[in-house]
A.B. asks: 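The structure's right below; bear with me while I get my questions together.
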Amino acid sequence: MASPLVVDEFRAELGAAEPWPDGVTLYQQYQAEQITFPDSANCLSVKAFLYMCGLNFQVELKTNAEEMSPSGKVPFIHVGAFLVSELDPIIAFVNAKGFALTSHLSDIERSEMRAYMAMIDNILVNAELYLAWLDETVSSEVTRPRYGCPYPWPLNWILPLRKQSEVRARLSSNGWKDKNMKQVCEEVRICCQALSERLDQQQYFFGDKPTELDALVFGHLYTLITTELPVGQFADIIQQFSNLTNFCKHIEEEYFKD
């Protein structure tokens, strides 16, 4: 008997073979009062990717978006009879429908692009989780209150602590839990330095056309620059690289005019 995962992958492949329908919906938590900034960065990356592909979708805000997601993470999209969550599976689903941002790249360039995307996941994503959930000031003043705001007491206290424990376990497994803030900031600086050098004076990371990397970088850098937090070291680091801040402004103006 096929496992549920195999069945889900098979159904997703069948769904991907159909054209992009009307009424596609992207689900996330409420932006102004509920969503945490690491989740906001993930959602913004997916929105940027879909816009870069020229695909129509609407955004639906749900307090229980995380629980509705098939992976337990946001964002996820509802396409016909299918639910697809997180950036990489959404990219694969969209590519299977014939919408690709990397057709102009060589195999070597695609491998390089994936390496930079892995760097974002290994550094910026972990740094965001560290700042949001392990920094005591940000966690107590921002993250836990936002995460718990839709729920009545005592769930508004219990669920953020459970989420914090999950994040702590992830960061412990990959060696980030025991870092101090100075070390985390240095990781962010190294990541931004590498991205700045790759971008150079180009409009996008691989020439004059956007790729998945551009969507991913924009989602995370823009969120860190624009989110008001009691600890602002990450934004200060990013703003030291003028080509990265100009890149974020360009993506915002080009794909988020409305």
Side-chain angles (χ1 to χ4, degrees), residues 5-6 8-20 24 26 38 41-57 71 73-77 79 82 84-128 174 187-188 190-224 238 241 243-248 250-252 254-256:
L5 179 59
V6 172
D8 288 345
E9 290 178 351
F10 177 70
R11 294 177 64 222
E13 289 177 2
L14 290 178
E18 302 171 356
W20 192 259
V24 173
L26 181 148
N42 294 332
C43 292
L44 189 57
S45 294
V46 170
K47 292 174 189 175
F49 169 71
L50 294 175
Y51 284 139
M52 289 172 179
C53 290
L55 299 174
N56 295 321
F57 66 97
S71 69
K73 297 180 180 179
V74 292
F76 70 94
I77 57 173
V79 186
F82 303 94
V84 189
S85 61
E86 303 180 71
L87 180 61
D88 285 345
I90 289 172
I91 289 173
F93 187 84
V94 169
N95 288 348
K97 284 186 172 293
F99 302 94
L101 296 179
T102 58
S103 56
H104 63 292
L105 300 184
S106 67
D107 290 342
I108 293 176
E109 288 174 325
R110 289 191 187 96
S111 296
E112 185 181 359
M113 183 197 74
R114 286 192 289 269
Y116 277 99
M117 293 180 72
M119 180 183 69
I120 298 297
D121 188 56
N122 292 331
I123 297 180
L124 279 189
V125 172
N126 284 327
E128 288 166 0
N174 57 30
E187 294 275 9
V188 172
I190 291 171
C191 181
C192 288
Q193 180 70 50
L195 291 172
S196 178
E197 291 175 0
R198 182 64 184 85
L199 181 63
D200 197 23
Q201 299 305 312
Q202 299 177 112
Q203 193 171 36
Y204 301 104
F205 282 94
F206 287 88
D208 58 359
K209 295 180 180 180
T211 65
E212 291 95 325
L213 176 62
D214 296 281
L216 180 63
V217 172
F218 170 74
H220 289 275
L221 295 190
Y222 185 88
T223 298
L224 289 172
I238 297 167
F241 300 92
N243 62 339
L244 295 182
T245 57
N246 290 335
F247 165 82
C248 289
H250 165 68
I251 298 295
E252 180 187 23
E254 183 71 19
Y255 298 102
F256 293 85

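This one's a predicted model, so the numbers in the text were calculated from it and none came from an experiment.
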A.B. asks: Within the structure provided, determine whether Ile91 and Leu101 are in side-chain contact (heavy-atom separation under 4.5 Å).
C.D. replies: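 A side-chain contact is absent here, since even the closest heavy-atom pair is not under 4.5 Å.
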A.B. asks: Tell me whether Asp214 contacts the main-chain N or O of Phe205 through its side chain, where contact means a donor paired with an acceptor under 3.5 Å.
C.D. replies: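 Yes: the side chain of Asp214 pairs with the backbone of Phe205.
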A.B. asks: Measuring from Phe49:CZ to Leu213:CG, what's the distance to the nearest 0.5 Å?
C.D. replies: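 Reported to 0.5 Å precision, the distance equals 12.5 Å.
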A.B. asks: So, taking the atom named SG in Cys53 and the one named CG in Asn95, what distance separates them when rounded to the nearest 0.5 Å?
C.D. replies: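 Between atom SG of Cys53 and atom CG of Asn95 there are 7.0 Å.
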A.B. asks: Kindly give the heavy-atom pair with the smallest separation between Cys248 and Leu221, and that separation in Å.
C.D. replies: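 It is SG-CB, 3.7 Å.
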A.B. asks: To the nearest 0.5 Å, what is the distance between CG (Asn174) and CG (Asn126)?
C.D. replies: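 One finds 4.5 Å between CG of Asn174 and CG of Asn126.
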A.B. asks: Would a 4.5 Å heavy-atom cut-off, applied to side chains only, mark Glu212 and Val94 as touching?
C.D. replies: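 The answer is no, as the side chains (C-beta and beyond) never meet within the 4.5 Å cut-off.
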A.B. asks: Between CZ of Arg110 and OG of Ser103, what distance do you get to the nearest 0.5 Å?
C.D. replies: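 Rounded to the nearest 0.5 Å, the CZ-OG separation comes out at 7.5 Å.
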A.B. asks: Does the side chain of Trp20 come within less than 4.5 Å of Val79's, by heavy atoms?
C.D. replies: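 Val79 reaches Trp20 side chain to side chain.
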A.B. asks: Less than 6.0 Å separating the ring centroids of Phe256 and Phe218?
C.D. replies: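 Centroid separation for Phe256 and Phe218: below 6.0 Å.
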A.B. asks: Donor-acceptor check, side chain of Asn42 to backbone of Pro38, threshold 3.5 angstrom: yes or no?
C.D. replies: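 Checking the backbone N and O of Pro38 against the side chain of Asn42, a donor-acceptor pair under 3.5 Å is found.
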A.B. asks: Ignoring hydrogens, what is the shortest heavy-atom contact between Leu216 and Ser45? Give both atom names and the distance.
C.D. replies: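 Smallest interatomic distance, heavy atoms only, reads O-OG, 3.3 Å.
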A.B. asks: Looking at Pro210 and Met52, what are the two nearest heavy atoms and their distance?
C.D. replies: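 Answer, listing the atom of Pro210 first, then Met52: CB-SD, 3.6 Å.
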A.B. asks: Quick one: are Phe99 and Leu55 in side-chain contact, heavy atoms under 4.5 Å?
C.D. replies: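 A side-chain contact under 4.5 Å exists here.
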A.B. asks: Going from CD1 on Ile238 to CG on Leu224, what distance comes out if it is rounded to the nearest 0.5 angstrom?
C.D. replies: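 Here the interatomic distance stands at 4.5 Å.
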A.B. asks: Under 4.5 Å between any side-chain heavy atoms of Phe206 and Thr102, yes or no?
C.D. replies: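 Contact flag for Phe206/Thr102 side chains = no.
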A.B. asks: Between Ser106 and Glu109, is there a donor-acceptor pair closer than 3.5 Å when you use the side chain of the first and the backbone of the second?
C.D. replies: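 Answer holds: yes.
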A.B. asks: With side chains defined as the heavy atoms from C-beta onward, is the minimum distance between Tyr255 and Lys47 less than 4.5 Å?
C.D. replies: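 Result no, sub-4.5 Å side-chain heavy-atom pair not found.
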A.B. asks: Which class fits the ring pair Phe247 and Tyr204: parallel under 30°, tilted 30 to 60°, perpendicular over 60°?
C.D. replies: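 Ring orientation, 0 to 90° scale: perpendicular.
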A.B. asks: Please name the pair of heavy atoms, one in Cys191 and one in Ile123, separated by the smallest distance, quoted to 0.1 Å.
C.D. replies: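 Where Cys191 meets Ile123 most closely, the heavy atoms are CB-CG2, 3.7 Å.
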A.B. asks: For a quick test of reading the model, state the closest non-hydrogen atom pair linking Ser85 to Lys73 and the distance between them.
C.D. replies: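 For Ser85 and Lys73, the tightest heavy-atom pair comes out as CB-O, 4.0 Å.
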A.B. asks: Got a second to check how far Ile77's CD1 is from Ile90's CD1, nearest 0.5 Å?
C.D. replies: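 The CD1 atom of Ile77 sits 4.5 Å away from the CD1 atom of Ile90.
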A.B. asks: Side chain of Asn243, backbone of Asp200: donor and acceptor closer than 3.5 Å?
C.D. replies: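 Here the side-chain-to-backbone pair exists.
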A.B. asks: More than 12 non-hydrogen atoms from neighbouring residues, nucleotides or ligands closer than 6.0 Å to CG on Asn56, yes or no?
C.D. replies: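 Atom CG in Asn56 is not crowded, with 12 or fewer foreign heavy atoms closer than 6.0 Å.
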A.B. asks: Is there side-chain contact between Leu44 and Tyr222, with heavy atoms separated by less than 4.5 Å?
C.D. replies: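 When only atoms from C-beta onward are counted, Tyr222 and Leu44 do touch, with a gap below 4.5 Å.
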A.B. asks: Test Leu105 against Lys209 for side chain to side chain contact (heavy atoms under 4.5 Å, CB included), laying out the working first.
C.D. replies: CA-CA 10 Å; Leu105 300 184; Lys209 295 180 180 180; over 6 Å; no
A.B. asks: Can you give me the closest heavy-atom contact between Pro19 and Lys97, atom names plus distance?
C.D. replies: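 Smallest interatomic distance, heavy atoms only, reads O-NZ, 3.5 Å.
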A.B. asks: Should Met119 and Leu195 count as side-chain neighbours, where that means a heavy-atom distance under 4.5 Å?
C.D. replies: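 Yes. Closest side-chain heavy atoms under 4.5 Å.
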